[in-house]
Structure formats: structure tokens, C-alpha cells
Amino acid sequence: METRSLHPEDLAAIRTYLDLPSETLLPADPLDLLSSYLHILPRPLLETLTSITTPRERARLRPIKARRLMYASTTPPPAFLSADAGRLRWPLLWERMGGSSIPPAAPSREVQEEESWVRDRFLGGLQPQNDSIGETKEVTQHVKKLGGLLRGFEEERELEHVRERRKVERQLDEVGEEFDSESDEEDGVGGRIGNARIGPRVVEDEDQESVARAFEKKLVELFVDGLDVSLLAATSRA
């Protein structure tokens, strides 16, 4: 494992906060520092340590894994750990577990938020100057048109994001980092994420609800083990 060293000023700030003499030697490894002072240091000082370590490295620390697991186990569970959200980040994993390659009929949360923003916030205050039914209909039509336009843009962004994620997953397959398998090009070969076996590419399962439940469990594993890097960064979970 390769980690960078803390800047002397950051080490000095940690010593000062802990009220330690300047000659006190602190662990050189940022993970050792995290392990020793995770529950003591405030967030700004912790961020100097997390900024030079990876989520996967920090998963070696039991308190951090436990905190991630507690967060993932809240009720209701975080929306980003749902099957519909996770399949946008891990489309190949979803399909390898028997998930349908057909996009869900219901729009994603992001798409719904685009329409809600137009309806409730952007044009919500735009009202006709009088009680004319014609003017009211015109405003309503404008809202629907703009909402539909933004929804189309968001859906296209999602499709592009899924295409990019497929490329990333295939690259991980090839280099054997998070994944440990060959490329996904119609060869039916399975892969591995961390220590979790994905299994071979399978035919779409008729019981999509069971697939979704198994996939959501896998998403929690990825989150806790620090493999869903972009997600961890977005949620600020150490």
C-alpha cells in the first residue's frame, strides 16, 4: 500500500489539538494515525488524513467499516444503495447478477427532481396577471414543455453515465484492480470485486425482485469495503 506523508504543518496541528509536546513522535503512516485518534480528532483534522488515503485503505480500520455499515443500515436505507440507483453506477455487475438490461419504467430520482424543480421552484411563482383561463393554460403548457425538455436532458445524461461506467468496469476487469476477470465482451466470464465473487454472466432472471435484493446487498458490501469510491466521496463517509 502506498500512502503519502502528512505535511509537517498538519502534524503540528494534530499535536497541538492533542496537547502533545512538540518532540512527541506521531505515527508516520496516516492509517496508523487514523486508527489511534479517529474518535478524538475533529473533522477538519481528520480530512487531512482521509485526503491522502483511499476509501479502500480506510476500510482496514474496523471503526470506519462499522460506521459505514451503520449508515448503510439506517431505516429507510439510503437511496443511493437502492437497486435502481446502484445499477447506474454498476451496470455490468447488475446484469451479471441476472438484472435486466432494460432501463426501469419509472424515472430515476434525478429525473423526477428535474421535473419537480421546474414545476415547483422555477415556474411555480409564474402566475397569470388575471384569472383568465387561457393564460392559466398557457403557463401550464410552458411548465410541462420545459419539464419534459429537462427530463429528456437528464435521461440522456444518465444513459451517457451508464455507458461510461460500463467502460470503467471493463477496464477494472482487464487490469485486475477492483475486478479480477477478463473483459465482459460476450464471453460469459465472471469477475471479482475485492474478495466478493461476482459469478459468471447469466441470463436475465425472471425474478427481478430477488435480483434487486441480492444486488442491494452487494452494493452495501461495495460501500462498506470502500470500493464504491465515487459514492463515498459524494456522501463524505470515511
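Applying the ring pair (Phe, Tyr, Trp, His ring centres under 6.0 Å) rule to Tyr37 yields no partners; only residues at least two apart in sequence or on another chain are considered. Residues satisfying the salt bridge (Lys or Arg N to Asp or Glu O under 4.0 Å) test with Arg163, not counting sequence neighbours, are Glu156, Glu160. Applying the side chain to side chain contact (heavy atoms under 4.5 Å, CB included) test to Pro42 and every residue at least two apart in sequence or in another chain returns Tyr17, Pro44, Leu45. Contacts of Val220 classified as side chain to side chain contact (heavy atoms under 4.5 Å, CB included), with partners at least two apart in sequence or in another chain: Leu69, Ala72, Leu81, Val224. Under the side chain to side chain contact (heavy atoms under 4.5 Å, CB included) criterion, Pro21 pairs with Glu23, Thr24, not counting sequence neighbours. For Lys217, there are no salt bridge (Lys or Arg N to Asp or Glu O under 4.0 Å) partners at least two apart in sequence or on another chain. Looking at residues two or more places apart in sequence or on another chain, you find a side-chain hydrogen bond (donor to acceptor under 3.5 Å, both in side chains) between Arg213 and Ser210. Partners of Pro27 according to the side chain to side chain contact (heavy atoms under 4.5 Å, CB included) rule, which considers only residues two or more places apart in sequence or in another chain, are Asp32, Leu33. A search for salt bridge (Lys or Arg N to Asp or Glu O under 4.0 Å) contacts involving Glu164 returns Lys167, not counting sequence neighbours.
When all heavy atoms of Asp225 and Arg68 are compared, the closest pair comes out as C-NH1, 3.9 Å.
Here the side chains of Lys218 and Trp90 are not in contact, with every heavy-atom distance at 4.5 Å or above.
Distance alone, capped at 3.5 Å, places no donor-acceptor pair between the Glu216 side chain and the Val211 backbone.
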